[in-house]
Protein chains: 2
Amino acid sequence: MHATNTDDARGRGARVRAGRRRITSRAELEQVAFDLFEQRGFEQTTVEDIASAAGIGRRTFFRYFASKNEVPWGDFDGELARMRRRLAATPPQAPLMEAIRQAVVDFNKMPAEQWPAHRRRMTFILGVPALQAHSTLRFAAWRAVIADFAGQRTGQRPDDLLPSTIAHAMLGVAVAAYEQWLASPDADLCELLDAGVRALRSAFASSGE
Amino acid sequence: MHATNTDDARGRGARVRAGRRRITSRAELEQVAFDLFEQRGFEQTTVEDIASAAGIGRRTFFRYFASKNEVPWGDFDGELARMRRRLAATPPQAPLMEAIRQAVVDFNKMPAEQWPAHRRRMTFILGVPALQAHSTLRFAAWRAVIADFAGQRTGQRPDDLLPSTIAHAMLGVAVAAYEQWLASPDADLCELLDAGVRALRSAFASSGE
DNA sequence: CCTGTTATGGCACCGGGTGCCAGTAAGAGG
DNA sequence: CCTCTTACTGGCACCCGGTGCCATAACAGG
């Protein structure tokens, strides 16, 4: 199971460059790490454990992941780029919060065979304290995507009160829906996301203008 | 500047107990630490630096704070208890989101002379990446206070979708308001909190339904 | 002064993370 | 085929946060 010079382990569609090939890949290390995390728990698994289980040196692990906390995040940046494109493609006449709701729900749609893997990933991210803490740093980029969109729509800067508040609040709604999803084995993620947004909206609606 | 056996450094109104007196206090260590954080930055300040600046051993530092990340949190648990009481005292006829908004705004009211200290504290918590990450773990308790209240009001369990979503979203709104406050030297925190909630409500209101 | 109690802080140790650097596996070009 | 360049590997030493252990110091009460 080695990465070759032609696949994306060498960089996005880049030409075959000179130099030694990478000995493994993020995906492969993720698999090894996840297995160990499930057996012994995240805290009980050392980077040394992961490295030697993957047949690499501890030092090399840190060339694939900036930290142990980064392991479960896959290609999150790529996903965010996808969400950004999805938002950019919304019809301009749609109300702001409607547009965001649909984009967030849409963004979390995926083929059914990916559900278990995604569930495992998110169980770690939202369940393990250290990872939960770290997620805040990653989610800042998620919020930035929403805030940028809300800023454009309202003609404000992304870090103004309204865009920033919408972004923070929507992240909260999304995380709440995810927690609900992880807690119930056969729930539908997208329905929960949708229900969450609608629930919050109606909670506000019945709070007297 | 020694704690005596009679003040709360020995425990909440407990009798004067036997045993050696504590050599310092959380508040005192916080001051020392804050000064160093501001001079060199949080990451550049080691626990050893704080300890020796305070004239105690490194080991002793960890008897006052479970971790370096805990330093800026003061008596957060006590504050949460206050917020819980504040919520419990809300008239039952007030709409749910209204009650929460008022409680959150109210909860953040404080005498003007405390503003600079509070600002400094929050600048660390929301500005330093490591502390920002750690805050998620602390804020879980904040969310629990809101979720418990929302659960009681709606007759649901606190970890059901609606209460949990409201709690997550309100935390988001509060953090956004805090960030705004920290960014502008002479803004009013409570007004920003209030404005944030109202902004989100009207964003939802103009999204059809 | 003795006893039980509580706080201190040194020591050794663990684990995440980093700078450094010598080695090693590749492609490119003579 | 040999060499040059490129880039990945991984060992080593080190830093720092955090913990278990334990001897010792300071206190209250008898």
Side-chain angles (χ1 to χ4, degrees), chain A residues 2-12 14-26 28-29 33 36-37 40-72 128-131 133-134 137, chain B residues 1-12 14-26 28-29 33 36-37 40-73 128-131 133-134 137:
Chain A
H2 284 260
T4 75
N5 256 346
T6 50
D7 71 18
D8 69 356
R10 296 288 284 201
R12 316 272 143 215
R15 279 270 48 90
V16 177
R17 290 168 299 178
R20 185 173 177 170
R21 291 190 191 97
R22 298 185 80 110
I23 207 174
T24 180
S25 67
R26 286 174 65 94
E28 196 175 346
L29 286 180
L36 291 174
F37 293 167
R40 322 182 192 173
F42 179 82
E43 320 269 4
Q44 281 64 43
T45 306
T46 71
V47 171
E48 174 65 38
D49 292 337
I50 303 170
S52 70
I56 62 171
R58 199 177 89 98
R59 191 64 186 81
T60 301
F61 171 89
F62 288 107
R63 297 235 169 69
Y64 285 84
F65 296 99
S67 77
K68 189 184 166 190
N69 290 337
E70 283 288 312
V71 172
V128 175
L131 296 176
H134 179 72
L137 305 178
Chain B
M1 184 62 72
H2 284 259
T4 75
N5 256 344
T6 49
D7 69 12
D8 70 356
R10 297 287 284 197
R12 315 270 144 217
R15 281 268 47 88
V16 177
R17 289 168 301 178
R20 185 172 176 170
R21 291 191 191 95
R22 297 184 78 106
I23 207 174
T24 181
S25 65
R26 287 173 64 95
E28 198 174 345
L29 287 180
L36 291 173
F37 292 166
R40 321 182 192 174
F42 179 83
E43 320 270 4
Q44 281 65 41
T45 306
T46 70
V47 171
E48 174 64 39
D49 291 337
I50 304 170
S52 70
I56 63 172
R58 200 178 86 98
R59 189 65 184 84
T60 301
F61 171 89
F62 288 108
R63 296 235 168 68
Y64 286 84
F65 295 99
S67 76
K68 189 183 165 191
N69 290 337
E70 283 291 313
V71 171
W73 285 88
V128 175
L131 296 177
H134 180 73
L137 305 178

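Per chain, numbering begins at 1; letters A, B, ... match sequence-line order. On a predicted model such as this, the values are computed, not experimentally measured, just so you know.
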About how many Å separate [atom2] of [Y] and [atom1] of [X], when rounded to the nearest 0.5 Å?
{"X": "B:Arg63", "Y": "B:Leu29", "atom1": "CZ", "atom2": "CG", "result": "13.0 Å"}
{"X": "A:Arg22", "Y": "A:Thr24", "atom1": "CZ", "atom2": "OG1", "result": "9.0 Å"}
{"X": "A:Phe65", "Y": "A:Thr60", "atom1": "CZ", "atom2": "OG1", "result": "13.0 Å"}
{"X": "A:Arg58", "Y": "A:Phe61", "atom1": "CZ", "atom2": "CZ", "result": "10.0 Å"}
{"X": "B:Lys68", "Y": "B:Leu131", "atom1": "NZ", "atom2": "CG", "result": "8.5 Å"}

Starting at atom [atom1] of [X], determine the distance to atom [atom2] of [N], rounded to an integer number of angstrom.
{"X": "B:Glu70", "N": "D:dG17", "atom1": "CD", "atom2": "P", "answer": "15 Å"}
{"X": "B:Phe61", "N": "C:dG10", "atom1": "CZ", "atom2": "C1'", "answer": "17 Å"}
{"X": "B:Lys68", "N": "D:dC15", "atom1": "NZ", "atom2": "C1'", "answer": "12 Å"}
{"X": "A:Arg22", "N": "D:dG10", "atom1": "CZ", "atom2": "P", "answer": "12 Å"}
{"X": "A:Ile23", "N": "C:dA26", "atom1": "CD1", "atom2": "P", "answer": "10 Å"}
{"X": "A:Ile50", "N": "C:dG15", "atom1": "CD1", "atom2": "P", "answer": "12 Å"}
{"X": "B:Glu48", "N": "C:dG9", "atom1": "CD", "atom2": "P", "answer": "11 Å"}
{"X": "B:Arg17", "N": "C:dT3", "atom1": "CZ", "atom2": "P", "answer": "23 Å"}

(Q) Within the structure provided, determine whether B:Leu36 and B:Phe42 are in side-chain contact (heavy-atom separation under 4.5 Å). (A) no
Q) Quick one: are B:Glu43 and B:Val128 in side-chain contact, heavy atoms under 4.5 Å? A) yes
Q: For C:dG9, take OP1 and OP2 only and decide whether either is under 4.0 Å from a side-chain N or O of B:Thr60.
A: yes
Q) OP1 or OP2 of D:dA28 less than 4.0 angstrom from a side-chain nitrogen or oxygen of B:Arg21, does that happen here? A) yes
**Q.** Nucleic acid footprint by protein, nucleotides 18-23 of chain C - heavy-atom cut-off 4.0 Å, B for base, S for sugar-phosphate alone
**A.** BBBB-B
Q: Starting from the 5' end of DNA chain D, give me the residue, A:Tyr64 or B:Thr45, whose nearest nucleotide shows up first.
A: A:Tyr64
